[in-house]
Number of protein chains: 2
Amino acid sequence: MALFRAPRPGLSSPSVKGDIPAATVSRLPVYLRSLGDLPPSQDTCSSEQLASIAGVNSAQVRKDLSHLGSYGTRGVGYHVADLREQLRHALGLTRGYAVAIIGAGNLGSALSNYAGFGSWGFGVAAIFDNDPARVGELVGGLAVEPLSHLEEIVAERGITIGIIATPAGAAQEVADRLTKAGVRSILNFAPAVIHVTDGVEVRRVDLSTELQILTFHQQR
Amino acid sequence: MALFRAPRPGLSSPSVKGDIPAATVSRLPVYLRSLGDLPPSQDTCSSEQLASIAGVNSAQVRKDLSHLGSYGTRGVGYHVADLREQLRHALGLTRGYAVAIIGAGNLGSALSNYAGFGSWGFGVAAIFDNDPARVGELVGGLAVEPLSHLEEIVAERGITIGIIATPAGAAQEVADRLTKAGVRSILNFAPAVIHVTDGVEVRRVDLSTELQILTFHQQR
DNA sequence: GTATGTGAAGACCTTCACAGCG
DNA sequence: CGCTGTGAAGGTCTTCACATAC
């Protein structure tokens, strides 16, 4: 899991020193969102307050933010607007990303209609399905395209993120094709583990796994 | 996060000795699914093979399974059918669970249509929305019910799992009501951190967090 | 006084490597 | 001989506690 290592020590990305632990990275989006929950009048925010909104320990917040090189002010806290920018920058949210959704079934359609998508610079640039009956249908304002055009369209539209919303059986093949087409970030909603080459990052979102973890605890 | 501690050391649950680490619990569903990917002719399965399907290290598989008290056979491997039963049992999948979905928007509708739901004993027993225009609409074979009936219906139908598919702003209130109605397992799809009392387990599934983690890595 | 930034301690998790058993 | 089960080693992550700075 997790391949980090910025190859060139000094040049990786402006102002981020060294690497950021994976556990920290997974909390940064939560902090970023939490800032949005503050009253707009508030300029400054303590680690304690951020922690309570984000649902973590305040020492965790301070340590996490210290990895960004973000400096708060002792005795005061973090400057909200600055911190927001630092987080956006660290997460790479200063540019936009073109996303492809593969699978125009219930889930794929729901995702492409998801409003919160645009707000952080993600844009759905294409939605694919291999069912000819679905091709051409309008979903979330886009016409469904045939899966056979995947490689071509990914290249044309500069798509760098693929969201797999197919049945489990198709997930691996779709991942292979996305990878070959140059996509290096995949979000997999299919209930299957997919295997990819080094340098491609996959994250899995799996309803039945989550439900089963809940039942494990419930049963105690 | 994670509150474990089976109160009575010896009596927690049949054949599970002590507690199972959270990290292990989160992989058990993956192993269970992986067993389904084996050729049906195969009776027995090595940790190596399971590991490669599940995408983890084989020592991990052996250690994880050893927590179940599940005994494989040295020199041979694990008996597939037995292991499947052990996993189902450990995860509490030997009984059914009634689930409520709150929010009948795109996501809620997609979830209630999700076929893979039933296969592990989960049944959608109700779907709620607070938009009067939606109440009565059929979604995944169920009529949408008004949110005001939540408590009553949860009790009547023995619902123990709540899936929050509302906008962020409504999530905390819905969680509070679910909790008061006695639901102790919540799967939260809303982009918000929700706070609950001890003894209630919440798992968060968050599209924008996942996308932002991907962009972090992509940007290196 | 107040809140950050961080070394150190401790909990947790993963991986190795091999003893032990079929 | 092959593969499990597991002590021990090595990481990673979290939390504490306090020196440090405003």
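These values consider heavy atoms only, across backbone and side chains, with no hydrogens, waters or symmetry-generated copies. If you're wondering where the values come from, they're calculated on a predicted model, not measured in any experiment. Chain A is the first sequence line, chain B the second, and so forth, proteins listed ahead of strands; every chain is numbered from 1.
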Closest listed nucleotide, where the reference is the side chain of B/A22 and the choices are C/dC13, C/dA3, C/dA19: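 It is C/dC13.
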Using OP1 and OP2 only, check whether a side-chain N or O of [X] sits under 4.0 Å from [N].
X     : N      : value
B/T73 : D/dT4  : no
A/Y71 : D/dT20 : no
B/S46 : D/dC3  : no
B/N57 : C/dC13 : no
B/Q60 : C/dT15 : yes

Base of D/dG5 paired with side chain of B/R62 (donor-acceptor, under 3.5 Å):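 Answer is yes: a donor-acceptor pair is held.
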A/K63 (side chain) and C/dT6 (base): donor-acceptor pair under 3.5 Å: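 No.
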Determine whether a donor-acceptor pair (N or O, by modelled atom type, separation under 3.5 Å) exists between the side chain of [X] and the backbone of [Y].
X      : Y      : value
A/Y97  : A/G92  : yes
B/S109 : B/A104 : yes
A/N188 : A/A192 : yes
A/E85  : A/D82  : no

Please give, in whole Å, the distance from [N] [atom2] to [X] [atom1]?
X     : N      : atom1 : atom2 : answer
B/R74 : C/dC21 : CZ    : P     : 6 Å
A/D64 : D/dC13 : CG    : C1'   : 10 Å
A/R27 : D/dT12 : CZ    : C1'   : 11 Å
A/L28 : D/dC13 : CG    : C1'   : 15 Å
B/H67 : D/dG7  : NE2   : C1'   : 13 Å
B/L65 : D/dT6  : CG    : P     : 12 Å
B/I20 : C/dT14 : CD1   : P     : 14 Å
A/Y78 : C/dA3  : OH    : P     : 12 Å

Residue closer to the 5' end of DNA chain D, A/T24 versus B/C45 (nearest nucleotide):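 Counting from the 5' end, the first nearest nucleotide belongs to B/C45.
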From CZ (B/F189) to OG1 (B/T166), nearest 0.5 Å: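 One gets 12.0 Å once the value is rounded to the nearest 0.5 Å.
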Sugar-phosphate only, base, or nothing, as touched by A/A23 at under 4.0 Å among non-hydrogen atoms: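 Touches sugar-phosphate only.
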